[in-house]
2 protein chains.
Amino acid sequence: MEVVNRYVATRHHVEGAPTEADFEVREETLRWAPDSGEVLVRNLYVSIDPYQLNRMKRSSASHLAVDGVLPGQRITSYAAGEVVASACAEYAAGDVVAGVLGWEEYTLFKPSPGVLMSKVDAGGGFPLSHHMSVLGTSGMTAYAGLFEVCKPVKKGEKVFVSAASGSVGNLVGQFAKLAGCYVVGCAGTTAKVDLLTDKLGFDAAFNYKEEPDLKSALARHFPDGIDICFENVGGEMLEAALANMSVHGRVALSGAIAEYTGEGRRAVPDLLEMIYKRITVRGFFAWDFLPRFAEFGVVVGGWVRDGKVKVVEDVSHGLDSVPAAFAALFRGQNVGKKLVKLA
Amino acid sequence: MEVVNRYVATRHHVEGAPTEADFEVREETLRWAPDSGEVLVRNLYVSIDPYQLNRMKRSSASHLAVDGVLPGQRITSYAAGEVVASACAEYAAGDVVAGVLGWEEYTLFKPSPGVLMSKVDAGGGFPLSHHMSVLGTSGMTAYAGLFEVCKPVKKGEKVFVSAASGSVGNLVGQFAKLAGCYVVGCAGTTAKVDLLTDKLGFDAAFNYKEEPDLKSALARHFPDGIDICFENVGGEMLEAALANMSVHGRVALSGAIAEYTGEGRRAVPDLLEMIYKRITVRGFFAWDFLPRFAEFGVVVGGWVRDGKVKVVEDVSHGLDSVPAAFAALFRGQNVGKKLVKLA
C-alpha cells in the first residue's frame, strides 16, 4: 500500500523563538508491505509541545535524551491516530493508538519496546483528544511531577505553578487541589488568570506581566513560603520562586520555556538559601515513571469522569496549522493543551 | 561557682572574607549555682567551620536556620569539653561532652531537647579530637550527604568531591571509596592533591588553581559524567560540575564556601541540562538526619578503628588562635578538620 504523506519539517536549525517561516510542509510517499512488520497510522491529533524547540537546535542538552530534529526531516511527536494497515499481530486496522508518531498525516512505525505506543481503550468513553492531554504526556508529566517528585506530604502545603494555564500547569494545579494543597498559579493574561481561579479551582493567580518584581509578587502570595514549586518557565521566574521557598521546599523542574528560546536572563540561584532551607531542585521526565502510567490512567480518568478535573484543550485544524500553533506557544497564545486536529 | 570566661566575639558584622581584625577576645564572669539547672563546661576543643561566616553577616539565609552572631557576643560552636559543675542529673563533673558549646574557654548551658549535646563515650578509645571531626559534625555531614542525599546505588558510580581536602570533603571521598565508588577530588595545592591520592585513597585529584577551565578539567576526569557530586564550594565549581553530570546525577549541596565571602561568580545552572539529564540538586544539613547518628557512630567508628578511614585534623592551640584559624579557612590554609585545642 502507498499513501502520500504530508509532514512538517524545519527548513534549518531553529535557535531562537520559532516563527512559521522556520517550517515547511513537505510530501513523501510511504510504502507499507504485508511482510514489513510495520504499522501504518493515519494521524488524527498531533501534540504541540514547547520542548520540541530544543530538538530543533543544532546543539542542545535535549539531544542527550531524544534525537535532534534535522532540517527537512519528519518530526516525531506524541500523537493519536487510526491504524490503516498492520503487518504486526499487536495491531489491526481500525485500532486507535496514541504514542510517538509525528507532525504528519501518516506515520509508518515498527513496534518495539523502545517505541512508546498504546492502544486507546474506546471503552473509556473519553474524547480522543483527552488521550493527548489530560490522559497523555501532559497529564502524566503533571501527575509524576507532583506526586513522585514534589510529593505533597501534608494537607495545606503551598504550591506554586508557573505557566499555570499551560498544558501541564493547569493540571498540576487541579491535581494539587485534589491533594488538599493551597495552589497559586501565574499566567500571562487576565483571561488566563480568571480561568485559573474561576474555572479550575486555583486559590489564587496572578499575571506575571503586571508584576514589576516577581519575588515580591510571590512573597505576597506566599507569606509563609512555597512548599512545592512546579516549574515550567525557568529564568527569573525560577529565581523568584527559589527566593520564596520554605524550609524543605521542593522544586520539580519540568520545563524552562523562557530559556528554550535563549531570551531572558537565566536563573542564578542563591546557594545559601538552597542550603539553609534544604531545598531540592529536581529535573524530571514523565516517562521515567512509566510503571505508574496504568495507575495514572485509572486515577486521573476517574477524576475527569467525575468532573473533578476540567480538561482545557486548545485545538487548531489541519497539518498546515502546525507551524503557527507551535510558534504561538512561545508567545503564550495557547490556553491549556495545544493540539492540532488532522483529517 | 564563678569562673572568668574568655570568649571570641566579632567586632562588627562580617560581610566579606574574614580577617583576624574582625575579632576580639573578651572576658566575662560566668556564675554557676547548684539550683540553676545549668551545666558548666570547660572547653577542650572548638570546631572551626566556614558556615560561621554566614552567621556573622548582618543578613543571611543562615539566620533562617541558626541565630545570627551579634558583635560583641559569644559565638556558639560545636566543641568538646569537660563538665566542671552540673546542676542537672544527666551530667556529672568530669563527664566529657561534645555538642553546641562555643568559641570560648567555658560554656554554661541548660540541657534541653533543643540543645545538641552528647556525652563522649571514653570506652570508644578515640582521641577526643576525633569526636570533633570524623565522629562529629563533619563526619555526620559527609555520611548523611553521601548515603542519605546522594545514595550511591551501584558499584563504580563516579563521585566528584570539591574542597576534597577539607573537613567534610576528605571524609566523603573516603566513605565513597568504601562504598565502591570511583572518586575524584579537587583541592587548591599540590600537597593537598597528593594527600588525596597518596594517603586517602582517592582515584584521582586535581589542583583547581592550575586549571584554566574547570569544565574541561572535570570532563577529562569524568569522560562518562559525574553520577554524584558532593559540593562544598559553589560558584563556578558547581556550575562546572553541573555541566558534567551524567543522567540521573545527584548533587548534595553541603556548602558553598566560594559564595560565603560574596567573592567570585555565582553558579548559573543550565536548566536544560538539569531537565534533560534529570539532575537533582539538594541542600541539606547533617542534623536533619539525626536519627541515623547512632548508626553513623558505630559504622564510622568501626572504619576508623580498622584503619579504613584516615583521620585528618589540623589543630591550632589556644583560644587566641581562633580568629586566625577561622580566617585561614577562607584562604584554603587548612588540611582536613580545623580545630583549636584549648587548655
Side-chain angles (χ1 to χ4, degrees), chain A residues 51 53-55 57 59-66 141 144-145 149 225 231-235 237-239 242-243 245-260 262 265-289, chain B residues 51 53-55 57 59-66 141 144-145 149 225 231-235 237-239 242-243 245-260 262 265-289:
Chain A
Y51 77 85
L53 183 62
N54 299 320
R55 299 180 62 203
K57 298 174 185 174
S59 165
S60 160
S62 162
H63 300 0
L64 296 165
V66 55
T141 300
V149 177
E231 182 56 35
N232 297 304
V233 172
M237 185 66 80
L238 174 60
E239 189 173 319
L242 282 172
M245 297 303 289
S246 61
V247 170
H248 295 300
R250 291 138 276 157
V251 179
L253 212 50
S254 176
I257 192 168
E259 303 197 13
Y260 293 174
R265 191 166 62 82
R266 278 197 183 174
V268 185
D270 181 335
L271 295 188
L272 271 68
E273 293 240 12
M274 285 196 62
I275 296 170
Y276 285 105
K277 291 182 178 174
R278 290 91 95 197
I279 293 170
T280 302
V281 178
R282 180 170 167 197
F284 78 101
F285 282 177
W287 303 117
D288 287 336
F289 302 95
Chain B
Y51 77 85
L53 184 62
N54 299 320
R55 299 181 63 203
K57 297 173 185 174
S59 165
S60 160
S62 163
H63 301 0
L64 297 165
V66 55
T141 300
V149 177
E231 182 57 35
N232 298 303
V233 171
M237 184 67 80
L238 174 61
E239 190 173 318
L242 282 172
M245 297 304 289
S246 60
V247 170
H248 295 300
R250 291 138 277 157
V251 179
L253 212 51
S254 176
I257 191 168
E259 303 197 14
Y260 293 174
R265 191 166 63 81
R266 278 198 181 174
V268 185
D270 181 334
L271 294 188
L272 270 69
E273 293 240 11
M274 285 196 62
I275 295 169
Y276 284 105
K277 292 182 177 173
R278 289 90 96 198
I279 293 170
T280 303
V281 178
R282 181 172 167 196
F284 78 102
F285 283 176
W287 302 117
D288 286 336
F289 302 96

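Since we're looking at a predicted model, the values are computed, not measured. Residue numbers begin at 1 in each chain, while the letters A, B, ... track the order of the sequences.
- Among all heavy-atom pairs drawn from A:Tyr276 and B:Ala61, the shortest one is CB-O, 3.5 Å.
- When every heavy atom of A:Ala267 is checked against every heavy atom of B:Pro269, the shortest pair comes out as O-CD, 3.7 Å.
- For the set A:Lys277, A:His248, A:Arg266, A:Met274, the entry with the most heavy-atom pairs within less than 4.5 Å of chain B is A:Arg266.
- If you measure heavy-atom distances from B:His63 to chain A, you find no contacts under 4.5 Å at all.
- Proximity to chain A (any heavy atom under 4.5 Å) is shown, for B:Leu253, by both the backbone and the side chain.
- Within the 4.5 Å cutoff, no side-chain heavy atoms of B:Ile275 are placed close to those of A:Tyr51.
- With rounding to the nearest 0.5 Å, the separation of CG in A:Asp270 from CD in B:Glu259 is 7.5 Å.
- Residue A:Arg278 comes nearest to B:Phe284 through the heavy atom pair CG-CA, 3.5 Å, listed as atom of the first residue, atom of the second, then distance.
- Residues B:Leu271 and A:Glu231 are not in side-chain contact: their nearest non-hydrogen atoms beyond the backbone lie 4.5 Å or more apart.
- Once rounded to the nearest 0.5 Å, the distance linking CD of B:Glu273 with OG of A:Ser62 reads 11.5 Å.
- The contact between A:Ser60 and chain B is made entirely by side chain atoms (from C-beta outward), counting heavy-atom distances below 4.5 Å.
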